[in-house]
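Data first, discussion second: the structure below is written as structure tokens.
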Amino acid sequence: MTTRHGINWDKAQVLFAAERERFATRRPRSRALSQQAAEHLAFGVPLHWMNDWSTPFSLYVDWAKGARFRDVDGFDYTDFCLGDTGAMFGHAPEPVARALAEQGAKGFTAMLPSEDAVWVSRELARRFGLPFWQFAMSATDANRFVLRWARAATGRSKVLVFNGCYHGTVDDVFVDLVDGQPRQRDSLLGQVYDLTQHTRVVEFNDLAALEAALADGEVACVLAEPAMTNIGMVLPEPGYWEAAQAIIRRHGALLVIDETHTISTGPGGYTRAHGLAPDAFVLGKPVGGGVPCAVYGFSAELAERVQAAKRNAPPGHSGVGTTLTANLLAMAAMRATLAEVMSDAAYAHMFALAERLAAGLRAAITRHGVPWCVTQVGARTEFQFAAQAPRNGSEAERILDSALEQVIHLYLLNRGLLITPFHNMILVCPDTTAADVDRLLQAFDEVLTAII
Ligand SMILES: Cc1ncc(COP(=O)(O)O)c(C=O)c1O
């Protein structure tokens, strides 16, 4: 018998084959659409990541609303993936759908602002505590633009990231620590520049390494999630951010906090909940209720410096912005989301369910005696294949097991429960119910029973 993370791998493989068969035989329409898609879609899907799910071919969606969606073969699902956070507040929230319909009758894009721009920037300042804001079409672009502003404002060329980070497809951050040395991520396609020239990388939760990497004063900014979420979750140790912020400040670097996933912590993100004081703040994905857009904010001091950098630059292309950035439709979606969807009440509901979920997962793990643990950042919960939660990216990477994840994910999917395809992240939204959580817990218990 082969064991793997405390489970019987032989049994797991047999189960996986049966689950693939079960999926395939019951979904003729998804299968037919996948076959047709292969004719004109490279990779057979509109985005090649869509092949990374556990299913033998793509699951095609008919509609998605709140915590639920239906596939084209008529199966209903409770969605705990929620578009990998894009739909963190539920699919097609009513206020956003209404705002889109109303704005849809009044124009989509003009490269000019509507009144919503004023309201949204005021609300962002109130909510997140940074006084000046700009927009982007995705969190990736927001991060890319903030790096550019940070370099322009400081006149420094280097950026620092944490090992195992993900901030979107921003080339600069695809540098890992391999045996303690920075190395460009092997998977990155078509990158011909040596990214290690201008990117430094250290382990999360290692203050001495951070201090050493900043000491020569060449780093423009540290770009970080306040808790890592993309290599499995890695939480900051008590006091980490307080000390890290002091070090960053002492060396004249800027702190950019990317809250695209950690907005699960609360209405003002991890930043507000834990009193962080970043120089710049990034939020994408759910800020428009799932409509493509992102925001980034500056402290008053940094806003002054970036505006000076622009003023002092020759006229011409700045390298920041895209034509559809801050379009009328996106601004209307953000206004509706911020005004009516990302509310204290929504978070209170999500926190209670996430607690129920985490407690239930822990109980099942204990009952089955597997060496796993559960990590939480507000409404975001994850089970991880180690008895102790990882302390940094290297530890988190060592415990990832995508083959085992796929067995569990497909078992759940075949029972109408969708969780995020990469690692084991589970989100609850304002429309998720206690009964939904209990169904997930029951299926989790069943799959463990089947593979131990
Ligand atoms: C922390 C973080 N920042 C940025 C991004 C990029 O978001 P997008 O793919 O919407 O550009 C992601 C995507 O997962 C993310 O997790």
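Residue numbers start at 1 and run along the sequence shown. Order of appearance sets the numbers: ligands from 1, and atoms from 1 within every ligand.
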Worksheet item: With sequence neighbours left out, what residues match Arg391 under side-chain hydrogen bond (donor to acceptor under 3.5 Å, both in side chains)?
Response: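 Residues passing side-chain hydrogen bond (donor to acceptor under 3.5 Å, both in side chains) with Arg391: Glu237.
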Worksheet item: Above 12 or not: heavy atoms from other molecules or residues under 6.0 Å from CD of Glu301?
Response: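 No, because the 6.0 Å sphere around CD of Glu301 holds 12 heavy atoms or fewer from other groups.
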Discussion item. A quick test of your reading: do over 12 heavy atoms of other residues, nucleotides or ligands sit less than 6.0 Å from CD of Gln184?
Written reply: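 Check passes, neighbour count above 12.
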Worksheet entry | Any N/O pair Trp49/ligand 1 closer than 3.5 Å |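 No, there is no polar N/O contact under 3.5 Å.
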Worksheet item: Taking N or O atoms only and a 3.5 Å limit, does Asn230 qualify as a polar contact for ligand 1?
Response: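 Yes; at least one N/O pair falls below 3.5 Å.
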Worksheet item: Which heavy atom of the protein is the closest neighbour of atom 10 (O) of ligand 1, given with residue, atom name and distance?
Response: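 Heavy-atom neighbour on the protein nearest atom 10 (O) of ligand 1: Lys285 CG, 3.8 Å.
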Practice prompt. Among all protein heavy atoms, pick the one closest to atom 7 (O) of ligand 1 and tell me residue, atom and distance.
Written response: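 Closest protein heavy atom to atom 7 (O) of ligand 1: Ala139 CB, 3.4 Å.
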Select one of side chain, backbone, both or neither to describe which atoms of [X] lie under 4.0 Å from any atom of ligand 1, heavy atoms only.
| X | value |
| --- | --- |
| Val282 | neither |
| Asp141 | neither |
| Asp258 | side chain |

With atoms numbered from 1 as shown, which atoms in ligand 1 lie under 4.0 angstrom from a non-hydrogen atom of [X]?
| X | answer |
| --- | --- |
| Ser138 | 11 (O) |
| His261 | 14 (O), 16 (O) |
| Glu225 | 1 (C) |
| His167 | 3 (N), 4 (C), 5 (C) |
| Gly168 | 4 (C), 5 (C), 6 (C) |
| Asn143 | 3 (N), 4 (C) |

Name each donor-acceptor pair under 3.5 Å that joins a side chain in residues 326-334 to protein atoms two or more places apart or in another chain, with its distance.
from	atom 1	to	atom 2	distance (Å)
Asn327	OD1	Leu329	N	3.0
Asn327	OD1	Ala330	N	2.8
Asn327	ND2	Leu324	O	2.9

Practice prompt. Using the side chain to side chain donor-acceptor pair (under 3.5 Å) rule, take Thr262 and Glu225 through it: C-alpha gap first, then chi angles, then the decisive distance, then the call.
Written response: CA-CA 7 Å; Thr262 51; Glu225 287 190 277; 5.4 Å; no
Practice prompt. State, with a plain yes or no, whether a side-chain heavy atom of Asn392 is found less than 4.5 Å away from one of Asp206.
Written response: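 SC-SC contact between Asn392 and Asp206 ruled out.
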Discussion item. My understanding is that we take every heavy atom of each candidate and find the minimum distance to atom 8 (P) of ligand 1. Doing that for Asp84, Thr140, Thr262, Leu283, which one comes out nearest?
Written reply: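 Shortest heavy-atom distance from atom 8 (P) of ligand 1: Thr140.
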Worksheet item: Within 45° of the ring axis of Tyr411 and under 6.0 Å from its six-membered ring centre, is that where the NZ or CZ of Arg415 lies?
Response: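 Cation-pi check for Arg415 and Tyr411: passes.
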Item to complete: Taking only Lys NZ, Arg NE, NH1 and NH2, and the carboxylate oxygens of Asp or Glu, determine whether Arg183 and Asp176 approach each other closer than 4.0 Å.
Response: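 No.
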Discussion item. Has Lys285 got a side-chain atom pairing as donor or acceptor with Ala87's backbone, closer than 3.5 angstrom?
Written reply: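 It does not hold such a pair.
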